[in-house]
Q: 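Handing you a structure now.
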Amino acid sequence: MATKATRGNKRGRISAPSVRPEDEQIFKGLSFFYVPDNDIAPARRLRINRAKEFGASWTRDLMTATHVVVDKKLEYKDVEKMWPKDGFGGRTPPKVVTEDYPLDCIQFRAIVDASQRKYLVNGQPEVEEKEQEKEPELPTPAVDFGAQAKSKSKSKSAVSSLPLKPQHHNKGKWDYVPRKGTPSQNGDTGIQTHSPSKGSDKAGHTPLLQDELSEYISMMQEFKDLPLDVDEEEDAQSTANESDAQLDLDHRSGSENESQRARRSSRRARPTSKAIAFEDRFACNRAGKKDANQDNPNARTIEILQKMNGYYERINDHWRTIAYRKAISILKQQSVKITTEEEAYRLPSIGRRLAQKIEEIVTTDKLQRLECAEEDPTDHALQTFLKIYGVGNKIAEQWIAQGWRTLEDVKQHAKLTPSQRVGMEHYDDLNTRIPRMEVTALGDIVKKAAAEIDAAVQLIIGGSYRRGAESSHDIDLIVTKPGTESVAELRAFLSRLIDQLERDKFLVARLASSHAGGDGSKWHGCCNGEYRPIWRRIDFLLVPEAELGAALIYFTGNDIFNRSMRLLASKKRMRLNQRGLYRDVLRGPNRAKITEGELVESRDEKRIFEILGVKWREPWERWC
DNA sequence: AGGCCGTACTG
DNA sequence: CAGTAC
DNA sequence: GCCT
C-alpha cells in the first residue's frame, strides 16, 4: 500500500488534475470539505483531484463548504464534533455525504441527490426530505440525462433512485452506466442514442457512440434474467419495429421510463437513408478503432489489462481470459478515466480483484502480477509457438514441456501436421499484417477470377476489413450468389475458383478445406501477396444468399461482438449462428438432441438485429 | 455451484 | 473425440 | 475472474 502510494506520488500521475470541459463542470460553485482534512492518503488525494477536475473547490474551512465529504470508515460523530457551536450563522449548513457521493456525481455527470441513504455517514441520522431536497448552489440542478430534464419531478426521482444497492452493484451499475455523456448538448431532446453524429459531433468529442455500445452491452446483461416471453412469437416476424421497441431497454426500473421513451423515439426517428449514409461515413472514422482507443482516457489501463489478458490466454486460463475481455470491453466504453477501485468496482463485469488491479495501474502505472508473468521464461516461447498456424496451447505446452524454446527447436524435433508445417515455414509472412490497400487488391484479383467462372457470384470481403480496419490479419471472402438456398449450390463454383487460382499461382497452400462430399462450407489457405512474394492467409466461406445476413454478422465480428450477440440470443431463447437466427424449441437434456429450432431470419442482417432487439450497428461500429 | 458462443475442419 | 480456428 |  505505502509503496504504491509513494510511487504514485513520485511519478506525479495522480497529482495532475486536468480540467474538464465546461459542460462537465458539474461541481462548479461547490466546495468540498474532506474528512479527514488532508490529501495524504493517495486514494483520497485522487478523489479530491477528481472533484477539482469537475469544478469543485477543495476547502479546508468548514464555514465555506457546501459539502462535507467523509471517509467511509469514519463515524458521523467524528464529523459532528467539528460542527461550529454557534451554527453557520444563518447560512445553509453543508451537506454531509460519504466519499461515494462525488464519485457518483462524476460517474453520472450530474449532481445526484445527496440525501440518499447510501451517502449517509455511519451513524448519521436520516434527515427530513425538505432541507435536502433543494440544491441551492446549483444553477441547473437537472443537468441530467436529457429526457428526464423535461419533467423536473421525474428527473429528480430518477436521479435519486440511482444506485440503491451499492453491494450488489450490478443492478445499480447497469441502470446508469450507459447514461453518461454530455447531457447539456442534448438539451431536452433526450440522449440521441441513434444518430450520434447529428450536428454536435463535428464540434466536439461525442461519447454518444460509445454510449450506444455500453447501452447494447448493458442490454444484454439485463436480459440475462428476464423472461422476455412477451409474445415474441408473433412479434418477431411480422412487426420487427414493435418488437424492437418492446425488447429495447425498457425492462429496467420504472423510474427510467421517461428516458426510455425518448431514446426509443429518437431511434425511431432515425434519419432517412441518405442522411444515414453521410453521417455514418463520419461515424466510421471516429467510431472505428483508432479514436476509440486513442481518445480513451483509460488507454493505459486497458493496455495493461490487455497484456494480462494475453498472458492468461496463453496459459490457457480460459475463464479468466473471458473475465478480462469483458472488463476491457467495459473500460473501453467509458468516456471518463476510472481512477479508483471503488469507481471501477461500480462498473459491470469488474469485481473486487479487477478493480484493485485497475487502481494499482492508475497509481503505479504498472501491474505487479503482469511483471511476474512476463518474467516467466517459458512465456516468450509460448507466445512464439502460439503464432504458428495450427498450434494452440495444448501443443505449445507440450513443446515447452519437451524443453523446446525456439522455432528452431521445433523445426528440428517436432512432428508437424501439414498445416503446421505451412505455419512454420511461413511464420513471418503469416504474422505480418496486411495493409488495407492490399486486401482490397487481393480481393479484386479473386473477384476477377470469379467473374470469369460465374458472373453472378458475389464476393464480399468480411472480417476486420469490413469493419474498416487499416490492416488485417487475413482476408475473409464471403462467396454468395443471388438465388442460392444452400451451400451445395456454391460448392462446384468454389472448387473451380480454387483450381483456377491455384493454376494462376495465386493460391499457394491449403490449410483447411472442406473435403469432397461433406457439407463443407469453408476453405482456408494462403495466397501470394499482391506486390511482394509474401504469403497471406485467405479464407473463403460459402454462403447461400438465403443466409447472407447471418453470415455477414458472423464474418464481420469482431469476435466479442459476435459472442455478445449470441449470448443475447440465447438469453432470449433464440440461437444465432452463421446460418441464421433461430427460435429454440428446446435444448435437449444431455444436449444430444438439440431441436434445431425454427428459423426466424437469416437473409437480412438488419432484420436479425431488429429481431434481437439490438440497434443496428454498421460494421465499423462493431469493435468491442 | 456452475455458466461464461457456436460451429467447421483435421487427425 | 480433442484440438484448433474463426 | 465475474455473475447469478
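Excluded from the calculations below are hydrogen atoms, water molecules and symmetry mates; all remaining heavy atoms, backbone and side chain alike, are included. Convention: sequence-line order gives letters A, B, ...; per-chain numbering from 1.
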Q: Could you state the CG-C1' distance from A:Asp317 to B:dC4, rounded to the nearest angstrom?
A: 13 Å
Q: Can you tell me how far P of B:dT10 sits from CZ of A:Arg421, to the nearest Å?
A: 17 Å
Q: If each of A:Asp559 and A:Trp523 is mapped to the nucleotide of DNA chain B with the nearest heavy atom, which maps nearer the 5' terminus, i.e. the 5' end?
A: A:Asp559
Q: For B:dT7, does either OP1 or OP2 sit under 4.0 Å from a side-chain N or O belonging to A:Arg575?
A: yes
Q: Base, sugar-phosphate alone, or nothing: which one does A:Leu576 contact when heavy atoms must sit under 4.0 Å apart?
A: sugar-phosphate
Q: Here's a test of your reading of the structure: between A:Pro418 and A:Asn562, which maps to the more 5' nucleotide of DNA chain B?
A: A:Asn562
Q: How is A:Lys357 classified with respect to the nucleic acid when contacts are heavy atoms under 4.0 Å: base, sugar-phosphate, or nothing?
A: sugar-phosphate
Q: Check whether any side-chain nitrogen or oxygen of A:Tyr312 sits under 4.0 Å from OP1 or OP2 of D:dG1, and answer yes or no.
A: yes
Q: Please give the distance between the C1' atoms of B:dC5 and C:dT4 as a whole number of Å.
A: 16 Å
Q: Does the cation-pi check pass for A:Arg622 over A:Trp616, that is, NZ or CZ under 6.0 Å from the six-membered ring centre and within 45° of its axis?
A: yes
Q: So how far is it from A:Trp523 CH2 to A:Ile538 CD1, rounded to the nearest 0.5 Å?
A: 7.0 Å
Q: So, is A:Arg566 near the phosphate of B:dC5, with a side-chain N or O under 4.0 Å from OP1 or OP2?
A: no
Q: Please report the interatomic distance CG(A:Leu354) to NZ(A:Lys326), rounded to the nearest 0.5 Å.
A: 12.0 Å
Q: Regarding A:His524, tell me which of base, sugar-phosphate or nothing describes its non-hydrogen contacts under 4.0 Å with the strands shown.
A: sugar-phosphate
Q: What is the distance, rounded to the nearest whole Å, between atom CD1 of A:Ile553 and atom P of B:dT7?
A: 15 Å
Q: Taking the side chain of A:Arg579 as its heavy atoms from C-beta onward, which of B:dC5, B:dG6, B:dA8 lies nearest to it?
A: B:dA8
Q: Of all the choices, B:dG6, C:dC6, D:dG1, which nucleotide is nearest to the side chain of A:Asp539 once you look at every atom?
A: C:dC6
Q: How long is the line joining CD of A:Glu397 and P of C:dA2, in whole Å?
A: 16 Å
Q: Just how far, in rounded Å, is P of C:dG3 from CD of A:Glu313?
A: 17 Å
Q: Nearest-Å distance, CZ (A:Arg537) to P (C:dT4)?
A: 16 Å
Q: For the side chain of A:Ala512, counting heavy atoms from C-beta on, which of C:dC6, B:dG6, B:dC9 is nearest?
A: B:dC9
Q: Which of parallel (below 30°), tilted (30 to 60°) and perpendicular (above 60°) describes A:Trp535 and A:His426?
A: parallel
Q: What is the distance from atom CD1 of A:Ile361 to atom CZ of A:Arg369, rounded to the nearest 0.5 Å?
A: 13.0 Å
Q: Side chain of A:Ile322 only, heavy atoms from C-beta on: which candidate in B:dA8, B:dC5, B:dT10 is closest?
A: B:dC5
Q: For B:dT7 and A:Asn577 - does any side-chain N or O of the residue sit under 4.0 Å from the phosphate oxygens OP1/OP2?
A: yes
Q: Considering only D:dC2, C:dA5, B:dC5, which nucleotide approaches the side chain of A:Arg563 most closely?
A: B:dC5
Q: Under 4.0 Å, counting only non-hydrogen atoms across every strand here, what does A:Leu416 touch: a base, just sugar-phosphate, or nothing?
A: nothing
Q: A:Tyr554 on top of C:dC6's base, within under 5.5 Å and under 30°?
A: no
Q: With a cut-off of less than 4.0 Å, is there a side-chain N or O of A:Lys522 near OP1 or OP2 of C:dA5?
A: no
Q: Taking the side chain of A:Phe555 as its heavy atoms from C-beta onward, which of C:dC6, C:dG3, D:dG1 lies nearest to it?
A: C:dC6
Q: Identify every side-chain donor-acceptor pair in residues 390-403 of chain A under 3.5 Å, counting partners at least two apart or on other chains, and give the distances.
A:
unit_1   : atom_1 : unit_2   : atom_2 : d
A:Asn393 : ND2    : A:Glu313 : O      : 3.3
A:Asn393 : ND2    : A:Asn316 : OD1    : 3.4

Q: Provide, to the nearest angstrom, the distance between the NE2 atom belonging to A:His318 and the C1' atom belonging to B:dC5.
A: 9 Å
Q: Figure out the CH2/P separation between A:Trp319 and B:dG3, and round it to whole Å.
A: 9 Å
